[in-house]
Amino acid sequence: MLGSGIVVVVASVYLAGLFLLAFWADRRAEKGAARFIGSPLVYTLSLAVYCTSWTFYGAVGSAARNGLEFLTIYLGPTVVLMGWWFFLRKLVRISKTQRITSIADFLSARYGKSAAVSALVTLIAVIGITPYIALQLKAVAASYNVIVLDPPAPPGEPHPAGLFADTGFWVAVTMAAFVILFGTRTAHANERHPGIVTAIAVESIVKLVSFAAIGIFTLYILHDGIRDTFNSVLGDPRVAHMFTFADGFEGRWIATLFLAGVAMVCLPRQFQVAVVENSDERHLATAAWLFPLYMLLISLFVVPIAISGLTQLPDGTNPDLFVLTVPMSADQGVLALLAFIGGLSAATSMVIVSSIALSIMISNHLVMPILLRLPVMSESRSVDFTATLLLVRRLSIVAILTLGFLYYRLTASSNPLASIGLISFAGVAQFLPALVGAVFWRRGTRQGAIAGLVAGFSVWAYTLLVPSFADAQWAFQGLVADGPWGVAMLRPTELFGLAGWDSLVHGLLWSMTANVVAYCVVSLLSTQSPLESLQSAVFVNALNPSERGVEGAVKRSAASRDIFRLAHRILGPQRAQRIFQDYSRRRGRIDDLPDRDEPLIAHVERELASTVGAASARSLVSRIVKGETISLDAVIEILDRTQRAVSTSQALERKSRELEVTARQLRQAN
Amino acid sequence: MTRHGRLRDLAVLLPVGALLIFLPPYVDIFDQPILVLGIPLLPFAIFVLWLVGIVLTAIVARALNRADAELHVLPDGSADDPPAPTASSDGDVRGR
């Protein structure tokens, strides 16, 4: 047992240190003296924001409950990173050229810079991630209560009646303040945050070190080495399930492996650190093996801690908190405090990056499209656009954490951490068909993407979210028990009579089926707009070096004064000035207002997109340009270019072979 | 070029192979009541396979990066590192 004062002081000092670190790193990056900050090691460690308090506390809990299934959560991302060459690299390459700000922006840009797609993706992300943020609040609150309260509150106890007596409330408030200070500090709303990435990387080291410390403590202090740890429990029925597969493990094993792999790219925060914050494509080559190694190292200690918890603690101890209760039962207060800080790191890094990523999505794709439609925002030059943007982001952060806190308060606290996390994973997995289609399937259309997202999300909400509310005794109990209007065939957990399945596997199967079928069928039935086919060619052929320079396909013009005024209003005077000077210099001109042709418009549109997203940038630009046409011939030419290059080389080869034969015949004839 | 092509194929096949070995029924092979170095075979085998996959990925990634660097050196000796600025896609340069 530790005094609450010590815990609060240590946690505050730790968080303040992190803030100073981020501040320092931002300053270094601005000066361009950021060799270490922009290194592959920091990039890899920032990916480890994947390991949240779900990993830190939940993995041991999951191992104690379901055995080796917890490994799939790390094997899935391992497989995705092993395939970096053909998938992640492509996402990074596209995002750099298109100035992508989030996964919603990515999908929107590919499907014709559609505002509907990005708004839909943002909505799904917010709803899907809310339980996940609630999980972090729950983990920090529970861990605080365990190391401070005596005796610890039994698991499943309802939240304290008063709002201010609830540790979770203070955790949420602290995190909101922290994220606002951290994420929206910079005046220019650029989407890269070197300071935060550095802080996240350090938090990843803290997580690994403190988790390893608990693991080594159980292996070498509580037991006599690895061999002894396993020997002492051989044949013990309490731990036997951790060394073998249960009957019928296949469904959940495959489902969680799939979900974890998908989460590695589809979670907004993973997309943020892996794609948006990536400063050099070559970092992926290091992260491809180093990040799996990080996950392997963390996983090594899960089973030993679970063994100690299951055999040495009284029955009924909450396995989700073994990481704390194992050292505490051995009277190792300092070690327990280290574990608490590790868990705090895991939770804060997730909340920081998630709420920054979500706030960018909310401000760019939900609020801005509406604001930009207001005459006040689009006409008057007195409105400071950057300040408005930052204000919207701060309010979004507060809203996100409020939602997470409400979910935490309203649902039962007895749900295991892992099951909440998996529901979130299944929610964001709905982006996968549209995302894979975006980079590999040129025929995928905007209508198809919207249909797939809507279908998959609806089925996910019905088969996974609704039952989780019913489990929490919150709502929908009747619906889950008897089906809508008493139709048993439509029960959310046994849809179409598919009974006896694990509810996660069941929900995932139906939602992905609905999603993929709707995406493919509607895509095949609809046609792309010219802009869409242009973007689809750019996305699908992103790794093909001959496919550069597609912008020639768009013909539009605008007065350079209008373009400048637009950039000035949205990006602020300094940045606008710099953009135009850079552009002129690269074009070999010295005056400030260069030519008024398509390359300049495309350049400014891209700069705008890096602040407000592709869809808003396009709608802003299209208001000032005249005569926008995308020549269909140009699109067709781009689409055909690769094909033609291939056939030309084949024809050449054939020709040279024919020549050879002719030459030989000639020689023989002579 | 053929070496590069082979490496690229390997970079695609490696994750596919890793996925297969971690999926049932293959992963089920290791579910035996045997101890290796005092550790039950199933967790031991998964961790060893995982480590082997990591090492292979590191080797292929290094080789690919080197082959890629060679491939992008043009005859005149200049590096054609993607994404290179061209007249019509000048905004690709992000060095700020």
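Each chain gets a letter, A, B and so on, in the order its sequence line appears, and its residues count up from 1.
Among B:Ala11, B:Pro40, B:Pro33, B:Gly53, the residue making the largest number of heavy-atom pairs under 4.5 Å with chain A is B:Pro40. Per-residue heavy-atom pair counts under 4.5 Å with chain A were compared for B:Asp31, B:Ile46, B:Ile39, and the maximum is reached by B:Asp31. Between chain B and the residues A:Val303, A:Leu81, A:Ile254, A:Thr72, the largest count of heavy-atom pairs under 4.5 Å involves A:Ile254. Top candidate by heavy-atom pairs under 4.5 Å with chain A, chosen from B:Val55, B:Asn65, B:Leu64, is B:Leu64. Contact tally against chain A (heavy-atom pairs below 4.5 Å) for B:Phe30, B:Phe47, B:Phe44: the top residue is B:Phe47. Of the listed residues (A:Glu250, A:Arg227, A:Met295), the one with the most heavy-atom contacts under 4.5 Å to chain B is A:Arg227.
The distance from atom CD1 of B:Ile21 to atom CG of A:Leu75, rounded to the nearest 0.5 Å, is 11.5 Å. The CG atom of B:Asp28 sits 6.0 Å away from the CZ atom of A:Phe245 when rounded to the nearest 0.5 Å.
No option in B:Leu19, B:Leu14, B:Val16, B:Leu23 other than B:Leu19 meets the side-chain contact (heavy atoms from CB on, under 4.5 Å) test with A:Val79.
When heavy atoms are compared at a cutoff of 4.5 Å, A:Phe86 approaches chain B solely by way of its side chain, counted from C-beta outward. Contact annotation for B:Val60: neither backbone nor side-chain heavy atoms come within less than 4.5 Å of a heavy atom of chain A. Only the side chain of A:Leu68 comes within less than 4.5 Å of a heavy atom of chain B; its backbone N, CA, C and O stay farther away. Neither the backbone nor the side chain of A:Phe87 has a heavy atom closer than 4.5 Å to any heavy atom of chain B. Contacts of A:Thr244 with chain B are made by both backbone and side-chain atoms, with heavy-atom separations under 4.5 Å. Heavy-atom distances place the side chain of B:Leu35, and not its backbone, under 4.5 Å from chain A. Looking at B:Leu13, there are no atoms closer than 4.5 Å to chain A (heavy atoms on both sides), in backbone or side chain.
Taking each heavy atom of A:Gly83 and B:Pro15 in turn, the nearest pair found is CA-CG, 3.6 Å. Heavy-atom minimum distance, B:Ala18 versus A:Met82: CB-SD, 3.5 Å. The heavy-atom pair separating B:Gly38 from A:Phe230 by the smallest distance is O-CB, 3.2 Å. The shortest non-hydrogen separation linking B:Phe22 to A:Trp253 is O-NE1, 2.7 Å. Closest approach of B:Arg8 and A:Trp85 over heavy atoms only: CG-NE1, 3.0 Å.
No more than 12 heavy-atom neighbours from other residues, nucleotides or ligands sit within 6.0 angstrom of OH on B:Tyr26.
Residue-level contacts of residues 284-293 of chain A with chain B, in order of numbering, are A:Ala285, A:Ala288, A:Trp289, A:Pro292, A:Leu293; threshold 4.5 Å between heavy atoms.
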